[in-house]
Colleague: 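After the structure tokens below, expect a handful of questions from me.
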Amino acid sequence: MRRGGEGVGVDRFSFPPILKASARVCGVKEGMEIHGVAEKMGFDSDPYVQTGLMGVYIACGRVFEARLVFDKMLHKDVVTWCVMMDGYCQRGLYEDVLLLFEEMKRSGVEPDKMLLSTILSACSRSGDLNSGKGIYDYILEKNIVMDSHLKSSLITMYSNCGSMDLAQHLYNEMTPKDLIASTSMVMGYSKVGKIGAARSIFDELVEKDLVSWSAMISGYAESDWPLEALKLFNDMQQAGLRPDQITMLSVISACAQLGILDQAKWVHLFIDKNCFGDVLSINNALIDMYAKCGSLENASRVFHKIPERRRNVITWTSMITGFAMHGDAGTALRLFDQMNADGIEPNSITFVSVLYACSHAGLVDKGRHIFALMTNKYNILPKQEHYGCMVDLLGRANFLRESLDLVKSMPFTPNVVVWGSLLSACRVHGDVELGELAAKRLLELDPEHDGAHVLLSNIYAKARRWEDVGEVRKFMKNRGIAKERGCSRIEANGEIHEFLMSDKTHKQTDEIYEKLDEVVSKLKLVGYAPNTSSVLVDLDEEEKKEVILWHSEKLALCYGLMNLGNDSCIHIVKNLRVCKDCHTFFKLVSKVFEREIVVRDRTRFHHYKDGVCSCKDYW
DNA sequence: TTAGGGTTAG
């Protein structure tokens with residue numbers, strides 16, 4: 001290496017481009033070597049060289065090393081401060097960004113727009129609205145004229161912090177509307193549940209790019225509008241845009257929510273065709289999707305196709321959850337052991353799944369053991385959801401007192417789910433006294449909880465305490481608390497059909513009810529008698545029978561029997577838990593009509609075949 | 001040196 005003079009000498013101006021290249025390829029080794037060379041040549045006190053070195057360290061995630069260089073610098077300009085702040089921002093060290101800003105102001109360096117934008121980004125990501133407002137005040141105080149970039153950062157900060165009024169106010173003043181700011185608005189409105197407002201902003205965009213489309217699709221998927229998400233995905237393709245992995249994650253999630261297997265298979269093919277099939281997050285999402293669409297076979301296939309070394313804790317947990325949902329606790333527990341053997345550390349969510357598997361299969365001792373293991377071996381402190389699973393497990397298995405003791409022993413206030421689990425166990429086992437207590441505690445936390453009122457009323461009904469039943473019903477009526485209406489979905493010939501309880505809006509309504517009559521008479525020949533015990537309203541027996549027979553899943557089932565080929569499995573998705581009568585009904589249909597039926601209810605799957613259900617009537 | 005999309009696990 002020749003210094004100075006003529007020709008190809010290396011001087012201090014040679015370093016920044018090399019450092020930039022190192023940062024791009026994340027070459028920390030190269031960066032360090034260059035650092036050494038720069039020191040030897042005496043350029044290590046050159047601000048440009050130093051800033052370049054910081055950039056390399058930050059690109060490689062070595063913020064601490066970057067800070068060492070930073071602290072040694074005698075002359076720091078605004079860019080230097082900005083690079084350091086960006087480093088902290090990238091590592092999620094948002095408080096350090098703010099501390100650095102204070103330090104910078106003390107040092108007398110004036111911030112520029114880019115730096116303010118970086119700080120706003122830190123506030124945005126950490127949800128620190130107060131600091132974000134502080135930066136805005138600073139901008140106003142110093143009379144800084146905002147460009148569209150800085151305005152967008154500000155709008156993003158407000159949106160991310162959920163302050164949509166403030167975000168909207170700034171957005172109104174923005175002309176023309178910046179695409180990035182608009183996307184932030186779409187996300188912000190989606191996050192606070194104002195999906196209509198998000199859609200309006202989205203629709204007003206003249207030029208939409210992949211990110212804005214994906215934000216809107218994800219908004220729908222996150223807000224319980226999976227059908228809209230799929231529709232928009234379709235529109236996006238019509239508009240000529242190609243989705244990427246991030247878009248596909250929302251689409252997969254929408255399919256999982258809907259539970260529609262045909263659509264799910266189509267999405268899977270689409271993913272393979274577009275070469276996303278090797279992406280781990282996509283495969284994890286596919287496992288979840290197939291499990292929620294009722295196909296453990298396809299979920300397992302995806303799981304086994306992922307090379308063992310690439311599976312992460314999400315892969316394993318998704319697969320375990322799948323088996324747990326379908327009531328196969330044995331396989332779920334085997335997977336849990338295998339996961340440990342493979343050296344993948346289970347986390348808090350894994351334990352929810354494993355405990356959930358035990359609870360749905362009635363494995364009390366195993367559940368107790370794992371609950372203890374969680375704290376003793378893995379140092380994971382049980383949270384509400386773990387207690388919820390345990391209360392459910394013990395309660396369902398009729399260890400109601402032990403279940404209550406566990407609730408009392410909780411180191412924090414039990415939430416609605418915990419009391420709800422106990423309440424539901426009390427209903428199963430007819431414990432009026434404890435049920436009343438659980439309902440009381442639950443309703444203290446959430447007086448409008450429809451499920452709690454319904455369960456309490458069921459408990460009273462089981463004990464034949466009709467006056468109390470009447471009281472609960474009166475209270476619900478006065479307060480306008482209604483039981484959520486049952487709704488079931490079935491996919492046939494590429495179309496989704498939805499049925500509400502006693503629905504008469506479907507175009508094949510007459511045939512469906514005729515089919516229902518036919519099915520009922522056939523089932524009666526093998527001993528079926530409608531079980532009206534779960535009907536809450538005040539009706540005579542005959543009317544109750546009708547209400548029971550018109551449950552949405554029975555309508556969907558009849559539609560399936562009419563419209564699906566004899567050898568195909570009937571898949572139904574329901575919003576509530578399956579009632580006792582429907583459960584019996586479905587078991588009998590699977591036998592009499594020789595059909596396999598898969599029902600996803602609010603909490604789990606039921607596979608009906610040859611007159612038995614996979615849940616072994618334990619649900 | 002600055003701004004937008006990640007319900008893949010409960």
Side-chain angles (χ1 to χ4, degrees), chain A residues 51-52 54-55 58 77-87 89 111-122 124-125 146-157 159-160 178-188 190 205 208-224 226 229 243-257 279-289 291-292 302 306 312-322 324-325 346-357 383-386 388-389 417 603:
Chain A
T51 307
M54 284 169 60
I58 286 167
D77 63 3
V78 67
V79 175
T80 314
W81 289 94
C82 196
V83 171
M84 195 62 238
M85 284 182 191
D86 187 50
C89 212
D112 65 359
K113 288 171 194 158
M114 287 186 190
L115 186 121
L116 291 167
S117 204
T118 301
I119 301 170
L120 282 170
S121 166
S124 169
R125 288 173 205 207
M146 292 198 283
D147 57 9
S148 127
H149 202 127
L150 186 53
K151 273 186 206 160
S152 289
S153 300
L154 201 51
I155 289 171
T156 301
M157 185 276 294
S159 289
N160 254 348
D178 180 279
L179 180 59
I180 288 172
S182 306
T183 307
S184 292
M185 292 296 289
V186 168
M187 287 173 59
S190 301
L205 283 175
K208 304 175 178 75
D209 67 359
L210 179 60
V211 178
S212 49
W213 278 98
S214 299
M216 193 66 239
I217 293 172
S218 141
Y220 278 126
E222 270 179 71
S223 318
D224 231 3
D244 66 2
Q245 301 160 21
I246 296 176
T247 325
M248 290 319 292
L249 282 176
S250 294
V251 173
I252 297 170
S253 160
C255 283
Q257 286 175 47
V279 181
L280 184 61
S281 60
I282 291 277
N283 280 307
N284 291 344
L286 287 174
I287 292 172
D288 175 65
M289 175 188 77
K292 286 180 178 158
V302 175
I306 303 172
N312 65 9
V313 62
I314 298 179
T315 318
W316 285 96
T317 306
S318 301
M319 200 60 244
I320 291 170
T321 308
M325 277 192 300
N347 65 19
S348 167
I349 300 172
T350 315
F351 280 101
V352 174
S353 299
V354 177
L355 291 172
Y356 176 82
K383 292 194 266 194
Q384 295 276 11
E385 44 271 48
H386 301 103
C389 284
V417 180
T603 58

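Sequence lines set the chain letters: A, B, ... in the order given, protein chains first and strands last, and positions in each chain run from 1. In this text, all values refer to a predicted model and were calculated from it rather than measured experimentally.
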Colleague: May I ask you to test the A:Asp288-A:Thr321 pair for a side-chain heavy-atom distance under 4.5 Å?
Modeller: no
Colleague: What's the closest nucleotide to the side chain of A:Thr321 if the choices are B:dT1, B:dA3, B:dA9?
Modeller: B:dA9
Colleague: Can you tell me the distance, in whole Å, between the CH2 atom of A:Trp81 and the P atom of B:dT2?
Modeller: 18 Å
Colleague: Quick check for you: to the nearest 0.5 Å, what is the distance between A:Ser184 atom OG and A:Leu179 atom CG?
Modeller: 9.5 Å
Colleague: Figure out the CG/C1' separation between A:Asn283 and B:dG6, and round it to whole Å.
Modeller: 15 Å
Colleague: For the side chain of A:Asp178 and the base of B:dG4, is some donor closer than 3.5 Å to an acceptor across the two?
Modeller: no
Colleague: Looking for any heavy atom pair under 4.0 Å, which part of the strands does A:Ile252 touch: base, sugar-phosphate only, or nothing?
Modeller: nothing
Colleague: Please pick, from B:dG5, B:dT7, B:dA9, the nucleotide with the shortest atom-to-atom distance to any side-chain atom of A:Ser318.
Modeller: B:dA9
Colleague: Could you tell me how far apart A:Met187 (CE) and B:dG5 (P) are, to the nearest whole angstrom?
Modeller: 4 Å
Colleague: Of the listed nucleotides (B:dT2, B:dG6, B:dG4), which one gets closest to any side-chain atom of A:Ile246?
Modeller: B:dG6
Colleague: Tell me: CE of A:Met216 to P of B:dG5, nearest whole Å?
Modeller: 14 Å
Colleague: Base, sugar-phosphate, or nothing for A:Ser152, non-hydrogen atoms under 4.0 angstrom?
Modeller: base
Colleague: Rounded to the nearest 0.5 Å, how far apart are CZ of A:Phe351 and CD1 of A:Ile320?
Modeller: 9.5 Å
Colleague: In whole angstroms, how far is the P atom of B:dG5 from the CE atom of A:Met185?
Modeller: 14 Å
Colleague: Between A:Ile155 and A:Asp178, is any pair of side-chain heavy atoms under 4.5 Å apart?
Modeller: no
Colleague: So does A:Ser184 reach the base of B:dG4 with its side chain, donor to acceptor, closer than 3.5 Å?
Modeller: no
Colleague: Between A:Ser212 and A:Thr183, does the side-chain hydrogen bond (donor to acceptor under 3.5 Å, both in side chains) criterion hold? Intermediate values first, please.
Modeller: CA-CA 5 Å; A:Ser212 49; A:Thr183 307; 4.6 Å; no
Colleague: Mind checking if A:Ser212 touches a base, just sugar-phosphate, or nothing, with heavy atoms under 4.0 Å?
Modeller: base
Colleague: Give A:Lys292 one of three labels, base, sugar-phosphate or nothing, depending on what nucleic acid heavy atoms sit under 4.0 Å from its own.
Modeller: sugar-phosphate
Colleague: Quick one: label A:Ser253 by what it contacts on the DNA or RNA (base, sugar-phosphate, nothing), any heavy atom closer than 4.0 Å.
Modeller: sugar-phosphate
Colleague: Quick one: which of B:dT7, B:dA9, B:dT1 gets closest to the side chain of A:Glu222?
Modeller: B:dT7
Colleague: What is the distance, to the nearest angstrom, from the CG atom on A:Leu154 to the P atom on B:dG4?
Modeller: 13 Å
Colleague: Identify which nucleotide among B:dT7, B:dG5, B:dG4 has an atom closest to any side-chain atom of A:Ser214, counting heavy atoms from C-beta outward.
Modeller: B:dG5
Colleague: Is the number of heavy atoms from other residues, nucleotides or ligands under 6.0 Å of A:Asp224 CG greater than 12?
Modeller: no
Colleague: Output the single nucleotide from B:dA9, B:dT2, B:dT1 whose closest atom is nearest the side chain of A:Asp112.
Modeller: B:dT1
Colleague: Looking at every strand, decide which applies to A:Leu210 at a 4.0 Å heavy-atom threshold: base, sugar-phosphate, or nothing.
Modeller: base
Colleague: If you go through the side-chain atoms of A:Thr247, does one of them form a donor-acceptor pair with the base of B:dG5 closer than 3.5 Å?
Modeller: yes
Colleague: Rounded to whole angstroms, how far apart are NE2 on A:His149 and P on B:dA3?
Modeller: 6 Å
Colleague: Work out which heavy atom in A:His386 is nearest to a heavy atom in A:Ser348; give both atom names and the distance.
Modeller: NE2-O, 2.8 Å
Colleague: For A:Asn312, report the nucleic acid contact type (base, sugar-phosphate, nothing); a contact means any heavy atom under 4.0 Å.
Modeller: nothing
Colleague: Give A:Met289 one of three labels, base, sugar-phosphate or nothing, depending on what nucleic acid heavy atoms sit under 4.0 Å from its own.
Modeller: nothing
Colleague: Please give, in whole Å, the distance from B:dG5 C1' to A:Ile217 CD1?
Modeller: 10 Å
Colleague: Using the side-chain heavy atoms of A:Ser218, tell me which of these nucleotides is nearest: B:dG4, B:dG5, B:dT8.
Modeller: B:dG5
Colleague: If you look at every strand shown and take non-hydrogen atoms under 4.0 Å, does A:Thr317 touch a base, only sugar-phosphate, or nothing?
Modeller: base
Colleague: Output the single nucleotide from B:dT1, B:dG5, B:dG4 whose closest atom is nearest the side chain of A:Ile180.
Modeller: B:dG4
